[in-house]
Amino acid sequence: EAPLIEANDVGLLSTWSPAATMMYARTAHQATVLANGSVLVTGGYNYNSGFIILATAERYDPAANYWTAVAPMSHGRRGHTATLLQDGRVLVAGGSNGTQRLAHAEVYNPTTNTWSAAPLMAAQRYQHVAVRLQSGKVLVAGGWSGSKVTRLAEIYDPVTNTWASAGAMSVPRAQHSAVLLGNGKILVIGGYQGSTYWPTADIYDPATNSWSSASSMSTARVRFPVVLLPNGKVLVPGGNSGGTVLSSAELYDPATNSWTAAAPMGTPRYVHSATLLSNGKVLVAGAYGRSSAEVYDPAANSWSSAGSMSTNRGEHTATLIGNSKVLVAGGNSSGQLATAELYVAEAQPPASAIYPINDPIFLQAISSWYYSNTNQQHGHTLCYMAGHSQCVGFLGSSGQLVAACDKRVEEVPGATHIRCDSTSFPVKFIPHENLPAGSGKYTAPFLSFCQSQGFSGCHDVIRRSRSGWPWYAPVYD
């Protein structure tokens with residue numbers, strides 16, 4: 001059943017709130033969203049009371065806001081990778097145990113809460129990258145191998161539980177980043193070797209198991225996040241370039257193999273996080289000595305403040321859970337942190353969520369209704385209340401497209417259809433003045449009224465009027 005949203009939550013501004021504290025303080029750990037929506041946190045280190053490399057793992061339940069210890073890994077590790085496999089298991093590879101870099105890999109099964117050994121990688125790896133391919137295999141590339149940085153790559157096949165060579169990048173890289181592109185290829189960016197910081201980029205093609213050079217960034221950088229945007233471009237914000245902490249950001253376009261400058265962040269950052277939100281924007285949070293956060297809007301190529309966390313965090317993790325929340329956990333702030341926080345994103349879908357007007361799956365609505373602000377559209381909120389990631393168009397009585405995601409329409413006369421994603425559910429809009437007293441607070445009179453209208457479950461989205469317009473309450477099963 002869809003959640004209730006209070007009247008003053010519609011168009012809610014982004015906020016931070018405390019989450020439950022982890023069982024262990026940790027930084028340089030990994031966080032992986034599992035198939036059931038819970039978050040697995042693995043490894044990292046803690047030197048609050050001696051230097052400890054952690055083998056422990058724990059799991060966050062978003063519904064209960066609670067952490068639970070799970071089976072520990074066979075090796076303590078930091079600077080490792082943790083990749084969700086297509087079958088719901090998690091591949092953890094490489095890292096450092098404090099005395100040596102690791103070639104060890106292991107696989108976590110959340111169903112049985114057990115770890116099983118994977119074969120050793122061909123090389124030790126620390127501060128490397130790992131990306132799941134469209135085939136379900138996992139590409140692992142670069143990192144520290146012993147006392148040197150490697151350019152070698154390999155592929156893990158979870159079906160056969162084997163590793164195979166994936167050739168070599170153009171240069172050795174550590175503290176670099178990688179992302180799966182929309183065309184199925186992997187873009188690997190930046191990093192360093194010795195005193196050389198790389199602006200260069202490589203592309204891995206799994207179809208040919210080969211590497212090719214991509215165009216270079218304008219600025220060399222390490223320890224930066226990378227995000228694939230809904231428009232297919234890649235955002236690279238911040239990082240460290242030869243000791244200089246960067247506020248600059250760049251955009252890579254795979255279609256043209258070119259980089260362009262994006263608007264710079266308001267704050268220089270490295271060892272920060274960047275998380276793609278369900279509205280198509282990007283949340284960037286923390287860094288060494290930073291508690292602030294900001295949001296990048298690709299459509300406007302601009303940054304805006306997203307408030308501040310309760311404490312400075314660097315080398316933390318940030319994972320999107322559900323449609324609108326980001327879990328930020330652990331990190332470094334004059335010592336390792338066990339605390340976690342939740343960022344609640346504004347409920348607004350991406351601009352690209354527009355369906356053809358002849359799409360046959362639509363729902364009945366009322367003959368006319370009103371809304372005034374892009375961030376406060378009835379349809380947007382209705383979709384998100386129903387747990388959908390997209391709100392699509394509205395059809396007028398003559399069949400024309402009269403409204404769509406992120407399009408401002410002052411009044412929609414004759415709107416007769418609405419659709420959220422591909423799920424159908426009955427919809428009815430009832431003017432607020434027709435509802436019984438107390439309906440805005442989801443009281444018994446409101447529920448009784450809904451049931452009298454033939455709905456088994458009713459949800460109220462009371463929207464304040466603007467310019468004297470009436471209040472409306474979407475009600476649906």
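Below, all heavy atoms of this structure are taken into account, side chains as well, without hydrogens, waters or symmetry copies.
Note that CZ of R173 and CH2 of W198 are 7.5 Å apart. Values are rounded to the nearest 0.5 Å. Taking CE of M265 as the reference point, atom OH of Y296 lies at 12.0 Å (rounded to 0.5 Å). Note: L40 CG to E58 CD = 9.0 Å, rounded to the nearest 0.5 Å.
A distance-only check finds a donor-acceptor pair linking the side chain of D202 to the backbone of S170 [under 3.5 Å]. At distances below 3.5 Å, not a single donor-acceptor pair connects side-chain atoms of R77 with backbone N or O atoms of N97. Between the R125 side chain and the L102 main chain, no donor and acceptor come within less than 3.5 Å of each other. The closest donor-acceptor contact from the side chain of H272 to the backbone of R290 lies at 3.5 Å or more, if one exists at all. In terms of modelled atom types and a separation under 3.5 Å, the side chain of N65 and the main chain of A20 share a donor-acceptor contact. Judged by distance alone, the side chain of W144 and the main-chain N or O of G95 form no donor-acceptor pair under 3.5 Å. For the pair R78 (side chain) and I53 (backbone), a donor-acceptor distance under 3.5 Å is absent.
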task: Test side-chain hydrogen bond (donor to acceptor under 3.5 Å, both in side chains) on T317 and H29 and set out the steps.
output: CA-CA 7 Å; T317 55; H29 52 292; 3.3 Å; yes
side-chain hydrogen bond (donor to acceptor under 3.5 Å, both in side chains) between S38 and R59, worked out: CA-CA 7 Å; S38 64; R59 195 164 163 174; 3.0 Å; yes
- prompt: Do H128 and T81 pass the side-chain hydrogen bond (donor to acceptor under 3.5 Å, both in side chains) test, and can you show the C-alpha distance, the side-chain angles, and the key distance before you say yes or no?
  reply: CA-CA 8 Å; H128 53 292; T81 55; 3.3 Å; yes
message: ring-ring contact (aromatic ring centres under 6.0 Å, His included) for Y66 and Y60? Distances and angles first, verdict last.
response: CA-CA 6 Å; Y66 190 76; Y60 178 73; 9.2 Å; no
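Applying the side chain to side chain contact (heavy atoms under 4.5 Å, CB included) test between Y343 and each of L277, T275, L320 identifies L277 as the sole match. Under the side chain to side chain contact (heavy atoms under 4.5 Å, CB included) rule, Y156 has a single partner from T83, N161, L133, T162, which is N161. The only option from Q193, Q127, R221 that meets the side-chain hydrogen bond (donor to acceptor under 3.5 Å, both in side chains) definition with Q175 turns out to be Q127.
Looking only at atom types and distance, the side chain of E341 has a donor-acceptor partner in the side chain of S310 under 3.5 Å away. Neither side chain, S147 nor R101, offers a donor N or O lying under 3.5 Å from an acceptor on the other. Judged purely by distance below 3.5 Å, without hydrogens or angles, the side chains of H316 and S273 pair a donor atom with an acceptor atom. Donor-acceptor pairing under 3.5 Å is recorded for the side chains of R26 and T56.
Annotation: side chain of Y108 is not in contact with side chain of R89 (no heavy-atom distance under 4.5 Å). Looking at heavy atoms from C-beta onward, E250 lies in side-chain contact with S218 at the 4.5 angstrom threshold. Side-chain atoms of H176 and I189, non-hydrogen and from C-beta on, never get closer than 4.5 Å to each other. In this structure the side chain of R313 never reaches within 4.5 angstrom of the side chain of S333, judged on heavy atoms. Residues Y252 and K233 form no side-chain contact, since every pair of their non-hydrogen atoms from C-beta on lies 4.5 Å or further apart. Side-chain contact check for K137 versus D157: some heavy-atom pair is nearer than 4.5 Å. Between R132 and Q86 there is a side-chain heavy-atom pair separated by less than 4.5 Å. Inter-residue side-chain proximity for E154 and M121 is flagged as met; some heavy-atom pair is nearer than 4.5 Å.
Contact between Q336 and N332 at its shortest, heavy atoms only, is NE2-ND2, 3.3 Å. Counting all heavy atoms, side chain and backbone alike, S291 lies closest to N312 at N-OD1, 3.1 Å. Nearest heavy atom pair, residue A123 against residue S145, reads CB-OG, 3.7 Å. When every heavy atom of A166 is checked against every heavy atom of W211, the shortest pair comes out as O-NE1, 2.7 Å. The shortest non-hydrogen separation linking G335 to N48 is CA-OD1, 3.3 Å. The nearest pair of heavy atoms linking P62 to G37 is CG-O, 3.4 Å.
If you look at F224 and Y270, their ring centroids are not closer than 6.0 Å.
For Y197, the OH atom is densely surrounded, since the number of other residues' heavy atoms within 6.0 Å is greater than 12.
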